Amino acid sequence: MAIGAKDRIDAMLVKKYAMQKVDNPIIQTSMIDPEKMYEAMNDYAQMHLSMLSIQQKLKSTCISAISGSIQYTKTRSLKSRRPQPSTPAAVAS
């Protein structure tokens, strides 16, 4: 992958704007204070952690409520059955 102008138009644009100097003092005065940005990011992260904690507590509460309300019913007898004879000689006797 080459760096630089790929064709004649790109080369002319690079040549035209290579010597331009931009001085924009508004950018320096309108910057957000880094400490303020850090505090905002920290607040957001703390809120997100709190929401995750609440979500986990809600999930465990729902699981315990659902498991406490389950009623198991017996669908079939679990007593051992006598084995049925499968050979014709055993049936005849």
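A quick note: this is a predicted structure, and the numbers were derived from the prediction, not measured. Hydrogens, waters and symmetry mates are skipped; everything else that's a heavy atom, side chains included, is used.
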Any side-chain heavy atom of Q55 within less than 4.5 Å of one from L52?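 The answer is yes, as the side chains (C-beta and beyond) meet within the 4.5 Å cut-off.
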Using residues 31-51 as the side-chain source, report each donor-acceptor pair under 3.5 Å to any protein atom, sequence neighbours left out, with the distance given to one decimal.
unit_1, atom_1, unit_2, atom_2, d
S50, OG, Q46, O, 3.0

Which atom pairs, donor and acceptor, lie under 3.5 Å between side-chain atoms of residues 59-66 and protein residues at least two apart or in another chain?
unit_1, atom_1, unit_2, atom_2, d
S60, OG, Q56, O, 3.4
S60, OG, K57, O, 2.9
T61, OG1, K57, O, 2.8
S64, OG, S60, O, 3.3
S64, OG, T61, O, 2.9

